[in-house]
Amino acid sequence: MSYVDEVIDRVVRENPSEPEFHQAVKEVLDSLRPVVDANEQAFRRDALLERLVQPERQIKFRVPWIDDKGQVHVNTGYRVQFNSAIGPYKGGLRLHPSVNLGIIKFLGFEQIFKNSLTGLPIGGGKGGADFDPKGKSDREVMAFCQSFMSELCKYIGADTDIPAGDIGTGAREIGYMFGQYKKLRGLFEGVLTGKGLSYGGSLARTEATGYGLLYIVEEMLKCHGQTLAGKTIAVSGAGNVAIYAIEKAHQLGAKVVTCSDSTGWIYDPQGIDVAALKEIKEVKRQRLTEYRQYRPDAVYHEGRGVWSVQCDIALPCATQNELDLADAKTLVAGGVTAVAEGANMPTTAEATEYLLQSGVYFLPGKAANAGGVATSALEMSQNSERLQWTFQQVDAKLKGIMANLYHNIEDAAKKYGFADNFVVGANIAGFEKVVDAMNAQGIV
Ligand code: NDP
Ligand code: 2IT
């Protein structure tokens, strides 16, 4: 059996009930076969892949908090510190009822390669809790965030592990967590990113993931003699990533006709009204059913369905495995030419395979959504030098990072004989830097 298959088998055997983690490991290790085959003896001797798939540390803790009626609730918190070969652990905190160890491990594993691809010195980590911020009062969210940070603060720091936002964790949650960290540790430092602008946040961090997604799509199209102007785009999600992806797509001359949340989706043939979406989701924290108050001609559907709309480009920006094989077939039949993942692993393995075989340009999340964490690293730089850069400065750096990233993954794919397969390109390019750093630092 090949070394890659042995390690995949072992991951599945030793981590039962973690299907998302298995999926992420299989995808990465499958892509790495050409590199592993060329270095098999040394990699086996050093147990390199076994060390890569085992987190350096995983922390699981109790998070008790009291609701507005006086009832105590207990949630489970996690922080997986996956790999610190190229820098301190860096990655978001997901607050969603579906969170479990396997989900956090899949996200942390992906984060290692994504962070490497940014070209910045950040290692991979991820955390979160099975808490649902939906329908909670601000005081309840604060109570949860304070309790969560009371434990997490023992394991993080500006030079060790720097969490940020993810699903369910936005500016409000980061603010409450930062306040509690400062109170308990007595340190005003850049321990979290995605902070508010009045206390050390970076301009353009809010926009960065969505904007970065469009910058890399634009670069890819440019390299294939195309532009975004006039393209019809389908977006899923209606959160941080989706909102700013839609905003930038419109600025670049494309038209986004869909968005979705966990209860339904909108089709707006005139193009999604971003101002309305921001008011519904960022200010009022309402459901997408409210969208028709702003745009009576738009259509609201219950359930899933975004991928049934004919489009040139599809941008899944909600959650994992939200685009399956049937969706991929519908998209291809409708003439889609590019799919870029704003979310982490939104496309199932079968759907990815089908899109690649159908000649669709496919940008995987670890490349396409890396603008968020890259800008988080820029926030860390600004915190370290105690300065704040302008929006234009940060945005220009983000654009440069995404263009470089695209060329690195394109080159890596070509070098190994997989031209235009950006899954292989991203995994190999991300892996090479991490392996170099792991080898240089000995068996630790
Ligand atoms: P938000 O919480 O801001 O938004 C998430 C959106 O996806 C919401 O519209 C939500 O709907 C929908 N959604 C979440 N879970 C599900 C589900 N199980 N089924 C259907 N819809 C769902 O999160 P973000 O926009 O920050 O994150 C979206 C994706 O992007 C995630 O995969 C995240 O890991 C990834 N990502 C985020 C980055 C960032 O900087 N924020 C950076 C890189 C990747 P509802 O409101 O109804 O829950
Ligand atoms: O998945 C991700 O890259 C994020 N949620 C952002 C992480 C970060 O540290 O900004």
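FYI, side chains are in, hydrogens and waters are out, and symmetry mates aren't considered; it's all heavy atoms of this structure. Order of listing sets the numbers, starting from 1, for every ligand and every atom in it.
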Under the 6.0 Å and 45° cation-pi test, does [X] pair with [Y]?
X: Lys60; Y: Tyr78; value: no
X: Lys397; Y: Trp389; value: yes
X: Lys182; Y: Phe188; value: no

- Query: Who are the salt bridge (charged side-chain N to carboxylate O under 4.0 Å, His left out) partners of Glu110, not counting sequence neighbours?
  - Reply: Lys366

- Message: As an exercise, state the distance from NZ of Lys399 to CD of Gln392, rounded to the nearest 0.5 Å.
- Response: 12.5 Å

- Under a strict 4.0 Å criterion on non-hydrogen atoms, which protein residues are in contact with ligand 1? Arg94, His96, Lys114, Lys134, Asp166, Ile167, Gly168, Arg205, Thr209, Gly237, Ala238, Gly239, Asn240, Val241, Ser260, Asp261, Ser262, Lys281, Arg287, Cys317, Ala318, Thr319, Gly342, Ala343, Asn344, Asn369

- Task: Check each protein residue for a heavy atom under 4.0 Å from ligand 2 and list those that pass, ordered by chain and number.
- Result: Lys90, Gly91, Gly92, Gln111, Lys114, Lys126, Ala164, Gly165, Asp166, Arg205, Asn344, Gly372, Val373, Ser376

- Query: Does a side-chain N-to-carboxylate-O contact under 4.0 Å join Glu207 and Lys248?
  - Reply: no

- Note on the structure: On a heavy-atom basis, the closest approach of Gly108 and Phe82 is C-CD1, 3.7 Å

- Flag the pair Leu315 / Ser236 as yes when at least one side-chain heavy-atom distance between them is below 4.5 Å, and no otherwise. no

- Query: Quick one: salt bridge (Lys or Arg N to Asp or Glu O under 4.0 Å) pairs with a partner in residues 305-320, sequence neighbours left out?
  - Reply: none

